[in-house]
Amino acid sequence: MSDVFERAIITHCAPTLAGHKCGSLFSWHGCPDALHVDEADGVLSRKGVRVRVIRSCAKSALIYVYRPEKLAARLKDNAVREFLAGEGYEDMSMDSCLEQLSQRVVCGREFPHEIGVFLDYPLEDVIGFINIAEMNTNVWDAGKPMEMRRRRKSALRCIESASASILIVTGADSVFCGSP
């Protein structure tokens, strides 16, 4: 795995690598060849983390880094299942949900807002975001309630904590996480 790709995973996915979130997503400019993704997946899978391409275009790709155990537990939650079924998801197995998400990202004109479920956002926030977007309101100018500000500060503390718990070791196993 290239050092640049490894740094991108660490930079953008620290909360997932540290076990604080079920998944993280980042955009990789300069489409990664399959070797980088496969190699990263091979290294990280030994630590309970998987890497997959959600969408690939000529000059960029969306990379999803996730913890299968955490994502599977999230997808077993009845409220999450009901929500995803309402969004058109049919098979609720983790692999099927990830495939359906990939198809929606590739084929859809708009980014599928239900992706927040796969990024471990609280379900009520995902639903709230969708409701605001449907009202045709500029979400970023609508103002955020105090609870959302508190969560953002908490998330930043989480990222700082996760970043501190990651150890980069040179050699065959170049990325290790604080906990599997």
Side-chain angles (χ1 to χ4, degrees), residues 1-2 4-29 31-57 60-81 83-85 87-108 111-123 125-126 129 151 154-156 158-163 165-168 173-180:
M1 162 173 38
S2 78
V4 176
F5 192 65
E6 179 180 328
R7 279 193 300 270
I9 291 173
I10 293 168
T11 300
H12 298 290
C13 305
T16 300
L17 294 174
H20 298 294
K21 289 179 56 177
C22 69
S24 299
L25 184 73
F26 70 97
S27 181
W28 177 259
H29 298 284
C31 195
D33 59 36
L35 179 63
H36 289 312
V37 173
D38 290 345
E39 188 178 351
D41 186 56
V43 169
L44 292 173
S45 67
R46 294 189 296 254
K47 296 295 182 181
V49 176
R50 300 301 306 264
V51 180
R52 105 183 245 153
V53 176
I54 292 290
R55 179 183 74 190
S56 183
C57 299
S60 67
L62 285 175
I63 310 296
Y64 182 58
V65 177
Y66 64 104
R67 289 190 166 273
E69 285 185 21
K70 284 185 172 280
L71 181 58
R74 175 102 165 130
L75 294 173
K76 286 181 182 175
D77 179 88
N78 287 334
V80 169
R81 293 171 78 83
F83 167 74
L84 288 175
E87 293 296 311
Y89 285 72
E90 296 171 4
D91 180 351
M92 293 297 163
S93 70
M94 181 178 60
D95 288 335
S96 180
C97 283
L98 287 172
E99 187 57 38
Q100 290 173 76
L101 176 66
S102 291
Q103 290 172 358
R104 289 167 176 256
V105 170
V106 170
C107 299
F111 207 74
H113 297 305
E114 73 269 10
I115 198 166
V117 167
F118 298 86
L119 301 175
D120 228 355
Y121 293 168
L123 183 57
D125 288 357
V126 175
F129 186 88
R151 285 185 183 165
S154 176
L156 288 172
C158 174
I159 290 169
E160 290 169 356
S161 170
S163 295
S165 70
I166 295 173
L167 172 65
I168 304 171
D173 293 332
S174 54
V175 178
F176 290 91
C177 306
S179 62

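Nearest heavy atom pair, residue C97 against residue L75, reads CB-CD1, 4.1 Å. F5 approaches A40 most closely through the heavy-atom pair CE2-CB, 3.9 Å. Looking at every heavy atom in both residues, C22 comes nearest to F118 through SG-O, 3.5 Å. Heavy-atom minimum distance, T16 versus R67: O-NE, 2.7 Å. Across I9 and L17, no two heavy atoms sit closer than the pair O-CD1, 4.0 Å. Here the closest heavy-atom approach between residue S45 and residue R50 is recorded as CB-CD, 3.8 Å.
How far CH2 of W28 is from NE2 of H36: 7.0 Å, rounded to the nearest 0.5 Å. For the atom pair CZ (R81) and CG (N78), the distance works out to 7.0 Å, reported to the nearest 0.5 Å. Considering OG of S56 and CG of L62, their distance stands at 9.0 Å, rounded to 0.5 Å.
The side-chain heavy atoms of I63 and L25, taken from C-beta on, include no pair separated by under 4.5 Å. In this structure, H12 and S24 have side chains that are not in contact, with every pair of non-hydrogen atoms separated by 4.5 Å or more. Side-chain contact between I54 and I115 is absent, with no heavy-atom pair separated by less than 4.5 Å.
The backbone N or O of G19 sits less than 3.5 Å from a side-chain atom of K70, completing a donor-acceptor pair. Remark: side-chain polar atoms of R74 are not paired, donor with acceptor, to backbone N or O of D120 under 3.5 angstrom. Proximity of a side-chain donor or acceptor of S96 to a complementary backbone N or O of M92 within less than 3.5 Å is not detected. Within the 3.5 Å criterion, the main-chain N or O of F83 finds no donor-acceptor partner in the side chain of E114. Not a single donor-acceptor pair under 3.5 Å links the side chain of E69 to the backbone N or O of G48.
Within a 6.0 Å sphere centred on OH of Y121, heavy atoms belonging to other residues, nucleotides or ligands number 12 at most.
By the salt bridge (charged side-chain N to carboxylate O under 4.0 Å, His left out) test, E99 pairs with R52, sequence neighbours left out.
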